[in-house]
Amino acid sequence: MIETKVSRHHETFLQVVQSYYQLTKPRIIPLLLITTAGSMWIASSGEVDPLLLLATLAGGTFAAASAQVINCVYDRDIDYDMERTRHRPMPSGRIQGRDAIIFAIALAIISFTLLTVCANLLAAMLAMSGIAFYVLIYTYWLKRHSTQNIVIGGAAGAIPALVGWAAVTNSLSLTAWLIFAIVFVWTPPHFWSLALMIKDDYAKVGVPMLPVVAGSEPTVKQIWWYTLVTVAASLLLVYPLHASGIVYACVALGLGSIFIQKAWRLLNNPEDRTLARGMFLYSISYMMLLCLSMVIDSLPITHGVINFAVSTLHFIIG
């Protein structure tokens, strides 16, 4: 009897923990962290302090989680109306609004403290500005009132790149802002592809996503142009900024060509939700692999291998 009660209590506690975990939308966070890491590796010329990296990624995780929790609180009404989100912790009633807000504030405080102590005040303030922008500008002001919600709101998702750079250098350079810009212009084709897939849900709750208001054809045209801009922006790290080298350039060209190809197919088949899904999933892989190539390209061992290969080639030719 006692064992049964303990087992039930343990199960209930785990369910509560799982509900709070789900409230942070954990699937979104790794993509934000990979942009932070890519920025940190370039800023440090491939030699990131492991403890600084760990602290910055942890601080970024807590900041992103805080923003997502507040978003869930504010959107609990429309989440209840959409079948896709009805079973989230807030609309299902597993977590109350007051408890969620306290949780969000605690996460923000932990993030700010961790980044201030382990990195610097600039990185901490940038992380807090990311929370404020996502909550006030995107969630509260734009999401339910403008078709440009994703375009302008994309700045919140690009701020982690600035946090990573600031954590290493305690400053923001042109390269940092370019990485920010790459993530910023990548966000519309990424999210509008998803919006094409679930536009009926958005229409049901009155959220003016571009596919709902303008239709699929104008949306895929916007996806096409933003994809071209994203790929072009990614190459600016190689020239004229010279922040990344040949390894990154090759990967960026390869990933970019596939990205453009998928956008072109979607442009010619605007109602094909299978293509929209493929574009959405690839956009995630594109950004993760692009940032991974930033890391690999910046490593001293990579530079050593490339210099050896170039020297060998010169010797053979000579």
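Checked against a 6.0 Å centroid threshold, the rings of Tyr140 and Tyr74 count as neighbours.
With rounding to the nearest 0.5 Å, the separation of CZ in Arg98 from CD1 in Ile101 is 11.5 Å. Separation of atoms CE (Met279) and CD1 (Ile223) is listed at 6.0 Å; rounding is to 0.5 Å. Taking CG of Asn71 as the start and OH of Tyr134 as the end, the distance is 4.0 Å to the nearest 0.5 Å.
Although no hydrogens or angles enter the test, the distance criterion places no donor-acceptor pair under 3.5 Å between the side chain of His190 and the main chain of Trp186. Counting only distance, with no hydrogens or angles, the side chain of Ser45 and the backbone of Trp41 share no donor-acceptor pair below 3.5 Å. No side-chain donor-acceptor contact under 3.5 Å links Ser111 to the backbone of Phe62. Using a distance-only test at 3.5 Å, with no hydrogens or angles considered, a donor-acceptor pair links the side chain of Asn268 to the main chain of Trp264. Put simply, the side chain of Trp177 never gets that close to the backbone of Leu172: no donor and acceptor are under 3.5 Å apart. Under a 3.5 Å cut-off, the side chain of Thr113 and the backbone N or O of Ile109 do form a donor-acceptor pair. Remark: the backbone N or O of Leu290 is paired with a side-chain donor or acceptor of Ser293 at under 3.5 angstrom. Between the side chain of Asp272 and the backbone N or O of Leu275 there is at least one donor-acceptor pair closer than 3.5 Å.
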Determine whether Arg273 and Lys199 satisfy the following criterion, side-chain contact (heavy atoms from CB on, under 4.5 Å), listing intermediate values before the conclusion. CA-CA 10 Å; Arg273 297 194 181 188; Lys199 65 179 182 179; 3.5 Å; yes
Step by step, work out the side chain to side chain donor-acceptor pair (under 3.5 Å) result for Arg94 and Gln15. CA-CA 9 Å; Arg94 300 200 305 275; Gln15 288 172 345; over 6 Å; no
Show your reasoning for whether side-chain contact (heavy atoms from CB on, under 4.5 Å) applies to Val231 and Tyr286. CA-CA 10 Å; Val231 175; Tyr286 171 84; 4.2 Å; yes
Could you go through the side-chain contact (heavy atoms from CB on, under 4.5 Å) check for Ser298 and Glu47 one step at a time? CA-CA 8 Å; Ser298 70; Glu47 297 181 294; over 6 Å; no
Under the criterion ring-ring contact (aromatic ring centres under 6.0 Å, His included), I'd like the reasoning laid out for Tyr20 against Phe103: C-alpha separation, chi angles, the key distance, then a yes or no. CA-CA 8 Å; Tyr20 277 96; Phe103 181 50; 5.0 Å; yes
Apply the test side-chain contact (heavy atoms from CB on, under 4.5 Å) to residues Ile179 and Thr35: give CA-CA distance (whole Å), side-chain angles for both, the deciding distance (0.1 Å), then the verdict. CA-CA 8 Å; Ile179 300 173; Thr35 62; 5.6 Å; no
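With sequence neighbours left out, Phe191 forms a ring pair (Phe, Tyr, Trp, His ring centres under 6.0 Å) with no residue at all.
In this structure the side chain of Phe280 never reaches within 4.5 angstrom of the side chain of Trp192, judged on heavy atoms. At a threshold of 4.5 Å between non-hydrogen side-chain atoms, the residues Pro270 and Thr219 do not count as touching. Inter-residue side-chain proximity for Ile284 and Met288 is flagged as met; some heavy-atom pair is nearer than 4.5 Å. For the pair Tyr248/Ser234, a side-chain contact is recorded, criterion being any heavy-atom separation below 4.5 Å from C-beta on. Within the 4.5 Å cutoff, the side chain of Met294 has heavy atoms near those of the Leu237 side chain. Side-chain contact check for Pro218 versus Leu210: every heavy-atom pair is 4.5 Å or farther apart. In this structure the side chain of Leu178 never reaches within 4.5 angstrom of the side chain of Leu174, judged on heavy atoms. Proximity of Ile70 to Thr139: side-chain heavy atoms (C-beta onward) are nowhere separated by under 4.5 Å.
With Trp165 as the partner, the side chain to side chain contact (heavy atoms under 4.5 Å, CB included) test is satisfied by one option alone out of Asn170, Thr175, Thr36, Leu122: Thr175.
Grouping the Ile, Leu, Val, Met, Phe, Trp and Tyr side chains by contacts below 4.5 angstrom, directly or via other members, places Ile110 apart from Ile131. Cluster membership for Phe133 and Leu31, using ILVMFWY side-chain heavy atoms within less than 4.5 angstrom, is not shared. Hydrophobic clustering of Ile, Leu, Val, Met, Phe, Trp and Tyr side chains at less than 4.5 Å, counting indirect connections, keeps Tyr226 apart from Leu235. Cluster annotation: Tyr282 and Val220 are assigned to the same hydrophobic cluster (Ile/Leu/Val/Met/Phe/Trp/Tyr, side-chain heavy-atom contacts under 4.5 Å, transitive). By the rule that hydrophobic residues join a cluster once side-chain heavy atoms approach within less than 4.5 Å of another member, Leu194 and Leu142 end up as members of separate clusters.
A pairwise comparison of heavy atoms in Ile150 and Met209 identifies CG1-SD, 4.0 Å as the closest pair. Nearest heavy-atom pair, Ile42 versus Ser244, reported as atom, atom and distance to 0.1 Å: CD1-OG, 3.7 Å. Contact record, Leu32 with Ala64: CD1-CB, 3.7 Å, taken as the closest heavy-atom pair. Heavy atoms only, all atoms of each residue included: Ala249 and Val238 are closest at CB-CG2, 3.8 Å.
Within 6.0 Å of CG on Leu313 lie more than 12 heavy atoms contributed by other residues, nucleotides or ligands. Few gaps surround NZ on Lys25; more than 12 heavy atoms of other groups in view lie less than 6.0 Å from it. Heavy atoms from other residues, nucleotides or ligands lying under 6.0 Å from CD of Glu217 number 12 at most. Few gaps surround CE on Met197; more than 12 heavy atoms of other groups in view lie less than 6.0 Å from it.
Side-chain contact of Lys262 with Thr227: a donor-acceptor pair under 3.5 Å is absent, judged by distance alone. Between the side chains of Thr302 and Asp297, not a single donor N or O lies within less than 3.5 Å of an accepting N or O.
Ring orientation note: the planes of Tyr239 and His242 are nearly perpendicular, at an angle over 60° on the 30°/60° scale. The aromatic rings of Phe180 and Phe184 sit parallel, their planes meeting at an angle under 30°, below the 60° perpendicular limit.
Under 4.0 Å is where a charged nitrogen must lie from a carboxylate oxygen, and between Arg88 and Asp75 no such pair does.
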Only distances under 3.5 Å count here; give the side-chain donor-acceptor pairs of residues 48-56 to other protein atoms, sequence neighbours excluded, each with its distance to 0.1 Å.
unit_1: Asp49; atom_1: OD1; unit_2: Leu51; atom_2: N; d: 2.9
unit_1: Thr56; atom_1: OG1; unit_2: Leu52; atom_2: O; d: 2.7

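Within the hydrophobic cluster formed by Ile, Leu, Val, Met, Phe, Trp and Tyr side chains joined at under 4.5 Å, directly or through other members, Ile316 stands alone, with no partner residue.
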